[in-house]
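Throughout, protein chains are lettered first and strands after them, A, B, ... in sequence-line order, and every chain is numbered starting at 1. The analysis underlying the following values was restricted to heavy atoms, covering all of them including side chains, and did not include hydrogens, waters or symmetry mates.
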Amino acid sequence: SNRQEKKNQISIFAASSVTNVARELAHDFERSSGIKVKLNIASSGILARQIESGALFDYYISANQNWMKYVDSLSLVNKHSIRNLASNQLVAIVPFTDQRAISENEFLMQFPSLFSGRLSIGDPKHVPAGKYAMQAIDYYEWDEELGNRILPAKNVRDALLMVELGEAEMGIVYQTDAKKSVKVNIVYTFPYHACDSIHYMGAASKSKSESLDQFLLYLQSIEAKQIWNKNGFKP
Amino acid sequence: MHALRAKLKTQKGNFTLDLEVDFINGITGIYGPSGSGKSTLMHVISGLENPDHGYITIDNEVVLDTSKQVHVKTRKRQIGYVFQEGRLFPHMTVRKNLLFGSSYTHQAKQLIEFEELVELLEIRDLLEKRPKNLSGGERQRVAIGRALLSAPKLLLMDEPFSSLDVALRRQIIPYLIKINKKLGIPMLVVSHDLPDLLSLTQELFLLRNGRVEGHGNYFDLIQSEKSLDMMRGAGLMNVIPFKVESHDVENGLTHLMNRDASHEIHVERELINDSCNAGDELNVSLRPEDIAITLQEIKDISIRNQLKGKVSKIIKKENRIYCLVDVGFLLIVSITQASQQKMKLETGSEVYCLFKSMALQVNT
Amino acid sequence: MHALRAKLKTQKGNFTLDLEVDFINGITGIYGPSGSGKSTLMHVISGLENPDHGYITIDNEVVLDTSKQVHVKTRKRQIGYVFQEGRLFPHMTVRKNLLFGSSYTHQAKQLIEFEELVELLEIRDLLEKRPKNLSGGERQRVAIGRALLSAPKLLLMDEPFSSLDVALRRQIIPYLIKINKKLGIPMLVVSHDLPDLLSLTQELFLLRNGRVEGHGNYFDLIQSEKSLDMMRGAGLMNVIPFKVESHDVENGLTHLMNRDASHEIHVERELINDSCNAGDELNVSLRPEDIAITLQEIKDISIRNQLKGKVSKIIKKENRIYCLVDVGFLLIVSITQASQQKMKLETGSEVYCLFKSMALQVNT
Amino acid sequence: MSELLNFSEEELLAIGLSFKVAIWCAVLILPPSLMIAWWLARKNFRGKSVVEGFLNLPLVLPPVATGFILLLLLGTNGVLGKYLNDWFGLKLAFSFYAAVIASMVVSFPLAIRAIRLSIEMVDPAYEEAAKTLGANSLQTFVRVTLPLALPGIISGFVLAFARSLGEFGATIIFAGNISGESQTIPLALFNEIQIPGHESAAFRLLMVAVIFSFVAMSFSEFLVKKLHHRK
Amino acid sequence: MSELLNFSEEELLAIGLSFKVAIWCAVLILPPSLMIAWWLARKNFRGKSVVEGFLNLPLVLPPVATGFILLLLLGTNGVLGKYLNDWFGLKLAFSFYAAVIASMVVSFPLAIRAIRLSIEMVDPAYEEAAKTLGANSLQTFVRVTLPLALPGIISGFVLAFARSLGEFGATIIFAGNISGESQTIPLALFNEIQIPGHESAAFRLLMVAVIFSFVAMSFSEFLVKKLHHRK
Ligand SMILES: Nc1ncnc2c1ncn2[C@@H]1O[C@H](COP(=O)(O)OP(=O)(O)OP(=O)(O)O)[C@@H](O)[C@H]1O
Ligand SMILES: Nc1ncnc2c1ncn2[C@@H]1O[C@H](COP(=O)(O)OP(=O)(O)OP(=O)(O)O)[C@@H](O)[C@H]1O
Ligand code: MOO
Ligand SMILES: [Mg+2]
Ligand SMILES: [Mg+2]
């Protein structure tokens, strides 16, 4: 029976920034197909390392294109199955106690002086959201004025948390996360051209199975796209 | 003066200590069989254990009264305690152990100088050693020293001599008596060795099964059958107070005079401390077995002390006979039934008590 | 038979133990002042400490030889050890402490039944207690019991009686002698109490400063000035082997006969164990101070034992005189210089040795 | 309030799993810790501090690094894991066993240290006495040293249990974050925190961890008290 | 090989900082641990296991949760932090101090447990003896209990030091990952692990942590040996 179970089951490695989407996808898929979904949620990097060390998976959702490239370079995923699953946008946020109405102009001209203390972003060294935020900062040439006022968080969720708690008066995070939080106000949504396009990548493992094929099909379905949408992602 | 008065009741497992005491200012010897509650009593007096009910006053100051919720802390009671198990601090040298208490006492109140103590206890070579590198007897000496140096108002000693050889005991015991006499520090000394105790003091406290079996002067105690019973097996002893009259250096004798001046008897000089001068008072002890009774004085015998007296009481215990003979003071003499019958001894008989100078033990 | 032969040298701090020993199968009493190395010797014999050089053979079996790298482990030496500090296992009840060793020994080799031991040591009420709830003397008894129950081939006892009252000692000592006689288990017993030791055995081993000061029969030892010096302060003793001749129940006396049948003397019955029958052999001890010397026999005195003899040696120590008197066997008598001069005692003098029956102590 | 008690199935799974992992971790860690602690406490040998340094690595390393090292050693492609897989078909990583192993490795230095400390404080005089009574080294250890060092052993057990309850870094890497298999409370908590607005679920799990802690402490307190009573 | 020794400036900063944080953590944690350990070891009171459970929380909670709680308490808007900020202008979070505090909180249960254990194993008979010699509770503690419990105190110190070296979760949340201020070795290591191809940098940092561990252990071993020699 053990083998039977294995057959009727797929394992999805999902980046932690899409936790909610991954869960809903899994539920929905389980309900519609009867195939059990085993979710493994961690940062994209940890998942990639686990895959590298031989972890058995069927599908990998990465929030970080570098890690997807990495697993691909080691031919740990099916090259042809790699695709953009969804995209996202950057927003600037302030704690919800901060009720200022800031005009777009004001924001773009005076951004560094709009807040005291540090700017909360993901660690630009390894968190994609942080990297995009730095690109935006460079784009608007705020970097000099900001100097060392960056508060790098270990993931984008932590960057949001710091603003939620009021530890940072300003933060740059994904729109999806910011919209879900009731403790922050979005003061500005960055245009697409301010940074590289923000993509979530998915890829299937090389081991083929009927269940996996069903899941790949499901990912294309309207139901799946609705789930992304509902959570603020652009499929 | 009351050194210590107490009325205590306390339960430990199936053992109950239940007594009322009133200790004098001098040295009190606490005697009782193993497990009779001696150490428990010491613990309660020192405040390390609390009794279920009762009170304790030391030097007329209440240190414990369960009915009034008075409970003076151990360290405030200023009691020097030589524990039965030593309890030297293992992480300190002997010197530091000895001086532990001195930081908490006024220099002026010291009973004894550090240097003097080190000489007395013969521990100079040990000062830098740690307790675990000491022999049993060495440990015991350090424990005695530590308590003496803590300037106590009351000294409790639980079997302080149990690992000491006789030579060392003979050296320390007179010293304790001196400290008591000079400074009036009351002492309670527990020992299972009655002769040892008697060389320290005549004031005895008999404990059995957690209850007082007798308390008072040794000589009064042996006249009570209950107390006599208890002490009999442990080595009865006559303890007689004398005054030094003169030294006869040539014959190696010291002439001693009993306090009431009715009798002069001889004691070998060797036994008497050199520091002992004519006029000094001292206690001499003598075992009941070492006294012979005759009906006449006897010549040509190595027994030089022959005291005339009258039998005042005859106590029969199994086949042994104890005669109390009044020779000016009371002597307890132990003889066999056969001798008693042969000499037809009875109350009122006129007799001589013979004992050898050698048999006298002097406790300065 | 050699119970134990050893030649040892070991250094601990500034103390050196350096000796050669050859213990007999019986009981050997180890005597020496505090810090002389008695406990160290015990430790080395038991294998808990290793000497720097030397060898040990127990029962002709080599258990240690530093030159040949032989080192038999402690547990294989089958030595019962009563430690000076007790060392009862704090986490076990008395019963479990007592039975600790029995799981490692054959039932058949047991020296003594559990029940019998419990009675002997009077510890029945303590069996379910933990060591910390015992009194000092109770702990010591349990420690003795534990060693006895471990079926040893050799028993080491370090101050086993130091916290026991006389009544208990009197009870345990004959028992040890019995075990030794019946089962031939050799025993080494350390004590600072010479009379105690002598009531156990006449075979003494004198240790001072880590070196052998004398070894052999007590009576031979006191004839050597060096050994005499050492034992003098601790209570010299005459130990005389006798045979029970008859009991005189009416007068409460037991008639004893010296082995060579040259003398018949009387001993109080009370002192003799009920289990003692006519024909039994026993040791009687008698202090030198308790013997008087006269030139004639004396009537009408409570001293019933009057042995005729000849002075064989006079030893003068300071102002004290020790006379060795040959009354068929040797007696050591202590008298004052004054008496000696008055009676003009010298080697060869014919004298009577008088002592009271009461003064005799019987060690079954 | 009712929201606080409204555990989802996944959360309940995580709670049960956490408890199971912690118990297994504490139980399995005890025997080797006892042996090593005794060895360190009673023996002196060259390179002792090297051994000690090695044993303490899981304490000094960030748990994430420990997790990676475990993965490199015991993963399916790992130095040892390869053979386990080839020879016995044993796949340790990403399983319940991996969660237990990760907890064990991380708790190991704590347990050893507590036990060693209490063994060191047992007076060797008692061990000597046991030897004179005929006990060999093992018997002495079991009947004398061990019971006397019991407070430390309980302490080591509780430490391992508690540390396991809080273990996150090494587990998420070596065991994965798989609900019902390796998702313990900290990992479930991590998931909830990732979703803005799921604070109450996170708080719920935190409370469970807190309650576990209190229960464990009460229990060890109770044991230690019994012990003191007994001594 | 040379690549292994080729520390970047940032790495050197992290190494220095780690050492400083660990030392401060161990030193600052000692006095309160001593007090609390003594209190727990020698006093019996109602609710003792509640206090214990509370003190052990940082052990049971995932360090990230601990960091989060610290932030809620001591952050600029935190329950206490607000007042620290308003009254003294003190901003603890995201600073060197925060890194030390995070380490301290996480090490606290370990230090207390080690010290408490060894205090419990000190025979109260010695404390009684000190009292009869006139020492008050504090003097008794300092001159008798403390030196006798020294192995446990050293152990507590070393545990706090080592745990601090490995501390990651609470630090990154409460102190941030700011190079030169709060980026300790584990945080730098984490950064490197997160970047594909930076394995050698990660390995370099790992080695430093390992060396730290060995040095700390040698040192504590040395101290304990001196102690045994002394006793
Ligand atoms: N905590 C306890 N629980 C139960 N019984 C106890 C406890 N402490 C002591 N006892 C018992 O109380 C009695 C008295 O003990 P204590 O130590 O006072 O005797 P002691 O007179 O000092 O004897 P020793 O001369 O042998 O030292 C003993 O029988 C002992 O077993
Ligand atoms: N480890 C050690 N280091 C230094 N000196 C030591 C050590 N162990 C013992 N000694 C010394 O060795 C001597 C002999 O000690 P031992 O315990 O054998 O004496 P003992 O004859 O048993 O004395 P006691 O009758 O007082 O118990 C003592 O002076 C003691 O101080
Ligand atoms: O999902 Mo990520 O890789 O932690 O941003
Ligand atoms: Mg006692
Ligand atoms: Mg000794």
Side-chain angles (χ1 to χ4, degrees), chain A residues 6 9 11-24 26-27 30 36-43 45-57 63 74 76 93 96 154-161 163-165 173-184 231-232, chain D residues 8-11 13-14 62-65 67-82 84-86 89 91-95 98-99 168-183 186-202:
Chain A
K6 276 266 150 62
Q9 162 176 309
S11 160
I12 298 176
F13 283 23
S16 46
S17 44
V18 296
T19 302
N20 219 28
V21 176
R23 275 191 190 165
E24 287 179 25
H27 265 278
E30 267 181 10
K36 175 129 180 51
V37 177
K38 250 172 64 176
L39 265 186
N40 182 24
I41 293 172
S43 78
I46 287 178
L47 296 173
R49 297 284 189 199
Q50 288 175 338
I51 289 169
E52 182 186 1
S53 74
L56 295 177
F57 75 106
L74 297 175
L76 293 166
I93 51 168
F96 74 111
K154 73 173 190 296
N155 57 39
V156 65
R157 170 63 188 134
D158 282 356
L160 172 66
L161 181 71
V163 181
E164 287 181 332
L165 292 175
V173 298
Y174 290 134
Q175 187 181 41
T176 47
D177 292 331
K179 272 190 171 161
K180 277 221 182 103
S181 171
V182 292
K183 291 182 191 149
V184 296
N231 282 286
Chain D
S8 76
E9 197 185 330
E10 197 180 313
E11 284 162 18
L13 270 175
V64 180
F68 267 113
I69 293 173
L70 281 175
L71 208 51
L72 289 175
L73 281 179
L74 296 175
T76 327
N77 296 328
V79 184
L80 292 170
K82 196 156 54 194
L84 288 179
N85 193 9
D86 290 357
K91 285 198 170 83
L92 286 177
F94 313 111
S95 66
F168 170 73
T171 308
I172 199 170
I173 292 185
F174 181 53
N177 185 0
I178 303 161
S179 177
E181 259 181 65
S182 59
Q183 190 179 73
L187 275 62
L189 191 66
F190 169 79
N191 278 0
E192 300 304 340
I193 290 177
Q194 290 309 314
I195 310 165
H198 274 216
E199 286 81 5
S200 77

**Prompt:** How many angstroms lie between atom CD1 of A:Ile41 and atom CG of D:Leu187, to the nearest 0.5 angstrom?
**Reply:** 10.0 Å
**Complete:** Only residue of A:Val18, A:Asn20, A:Asn155 satisfying side chain to side chain contact (heavy atoms under 4.5 Å, CB included) with D:Gln194 is A:Asn155
**Item:** D:Asn177 backbone acceptor or donor facing A:Asn40 side chain under 3.5 Å
**Value:** yes
**Message:** Walk me through whether D:Glu192 and A:Arg23 qualify under salt bridge (Lys or Arg N to Asp or Glu O under 4.0 Å).
**Reply:** CA-CA 11 Å; D:Glu192 300 304 340; A:Arg23 275 191 190 165; 3.1 Å; yes
**A:Leu39 versus chain D, the contacting section by heavy-atom distance below 4.5 Å** = backbone
**Asked** By a 4.5 Å heavy-atom criterion (distance strictly below it), what part of A:Lys179 contacts chain D: side chain, backbone, both, or neither?
**Response** neither
**Gap separating the CZ atom of D:Phe94 from the CZ atom of A:Phe13, nearest 0.5 angstrom** = 5.5 Å
**Item:** Atom of D:Phe190, atom of A:Ala42 and distance for their closest heavy-atom approach
**Value:** CE2-CA, 4.3 Å
**Prompt:** Side chain of A:Gln50, backbone of D:Ile173: donor and acceptor closer than 3.5 Å?
**Reply:** yes
**Asked** Between atom CZ of D:Phe68 and atom CD1 of A:Ile46, what is the distance when rounded to the nearest 0.5 Å?
**Response** 6.0 Å
**Asked** Going through the checks in order, is the side chain to side chain contact (heavy atoms under 4.5 Å, CB included) test met by D:His198 and A:Lys180?
**Response** CA-CA 10 Å; D:His198 274 216; A:Lys180 277 221 182 103; over 6 Å; no
**Prompt:** Can you check whether D:Ile193's main-chain N or O pairs, donor with acceptor, with A:Arg157's side chain at less than 3.5 Å?
**Reply:** yes
**Request:** Heavy-atom distances under 4.5 Å only: say whether D:Gln183 touches chain A with side chain, backbone, both or neither.
**Result:** neither
**Message:** Ignoring hydrogens, what is the shortest heavy-atom contact between A:Ser53 and D:Leu71? Give both atom names and the distance.
**Reply:** OG-CG, 3.2 Å
**Asked** Could you give the distance from OG1 (A:Thr19) to CD1 (D:Ile195), rounded to the nearest 0.5 Å?
**Response** 5.5 Å
**Request:** Using non-hydrogen atoms and a 4.5 Å limit, figure out which bit of A:Glu52 sits close to chain D: side chain, backbone, both or neither.
**Result:** backbone
